[in-house]
Amino acid sequence: MSKDKECPEPVLLKIGSGNKANYYEPVVSRVARFRFQFPDYSMTTEIIDLCEHRVVMKTIIRNDDGHEVASGFAGEEVSSSFINKTSAI
């Protein structure tokens, strides 16, 4: 972690209004904070399934020695939300 700079603040987008409002942190914000906190780690993402209606992706995080320290899958239905209609991938 850099000692000269501060970790980027999360960018939160308000989705909806009133009691149904939710906050969403875009991927670009999450990745920027990850890169700041773990500058020597790597993150690779692979599209597992892509069709007109959905996308499934797998991400692997490796430490500075190249050892896998985390992995996960994410799936999104394109029509499930406003964010997914424009940014499912």
Side-chain angles (χ1 to χ4, degrees):
M1 189 177 340
S2 174
K3 295 180 181 179
D4 298 338
K5 297 181 182 179
E6 292 184 25
C7 184
E9 289 291 323
V11 173
L12 298 176
L13 303 176
K14 186 176 181 180
I15 308 296
S17 62
N19 292 337
K20 297 200 177 218
N22 289 306
Y23 290 88
Y24 172 77
E25 183 179 8
V27 173
V28 67
S29 175
R30 289 181 268 159
V31 171
R33 292 185 311 110
F34 170 81
R35 294 277 184 222
F36 181 87
Q37 293 175 329
F38 304 97
D40 298 325
Y41 279 38
S42 68
M43 181 186 315
T44 56
T45 302
E46 174 186 1
I47 296 174
I48 301 298
D49 185 33
L50 176 62
C51 69
E52 183 178 339
H53 305 289
R54 83 169 169 270
V55 61
V56 177
M57 302 183 85
K58 178 182 180 182
T59 297
I60 299 172
I61 296 174
R62 291 186 171 84
N63 66 14
D64 54 349
D65 292 327
H67 293 98
E68 184 176 316
V69 295
S71 65
F73 290 87
E76 299 292 349
E77 294 291 329
V78 173
S79 63
S80 69
S81 71
F82 171 75
I83 295 289
N84 290 349
K85 287 179 184 175
T86 59
S87 305
I89 296 182

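With sequence neighbours left out, T44 forms a side chain to side chain contact (heavy atoms under 4.5 Å, CB included) with I60, R62. Every residue two or more places apart in sequence or in another chain was checked for a side chain to side chain contact (heavy atoms under 4.5 Å, CB included) with K20, and none qualifies. Legend: residues meeting side chain to side chain contact (heavy atoms under 4.5 Å, CB included) with D49, ordered by chain and number and at least two apart, are R54, V56. With sequence neighbours excluded, no residue forms a salt bridge (charged side-chain N to carboxylate O under 4.0 Å, His left out) with R35. Listed by chain and number, the residues in a side chain to side chain contact (heavy atoms under 4.5 Å, CB included) with D65 are N63, H67 (sequence neighbours excluded). Residues meeting the ring-ring contact (aromatic ring centres under 6.0 Å, His included) test with F73, sequence neighbours left out: none.
Closest approach of S29 to P10, counting heavy atoms only: OG-CA, 3.6 Å. Annotation for A32 and P8: closest pair O-CG, 4.2 Å, computed over non-hydrogen atoms. In plain terms, the two heavy atoms of I15 and Y24 that are nearest each other are CG1-CB, 4.1 Å.
The line from CD1 of I61 to CZ of F38 is 8.0 Å long, rounded to the nearest 0.5 Å. Atom OH of Y23 is separated from atom CG of L13 by 10.5 Å, given to the nearest 0.5 angstrom. Here the NZ-CD1 distance, from K58 to I47, works out to 14.5 Å after rounding to the nearest 0.5 Å.
Residues Y41 and M43 share a hydrophobic cluster, clusters being chains of Ile/Leu/Val/Met/Phe/Trp/Tyr side chains in contact below 4.5 Å. Grouping the Ile, Leu, Val, Met, Phe, Trp and Tyr side chains by contacts below 4.5 angstrom, directly or via other members, places I48 apart from M57. Connection of L12 to F34 is not established within any shared hydrophobic cluster, with ILVMFWY side chains joined at heavy-atom distances below 4.5 Å, either directly or through further cluster members.
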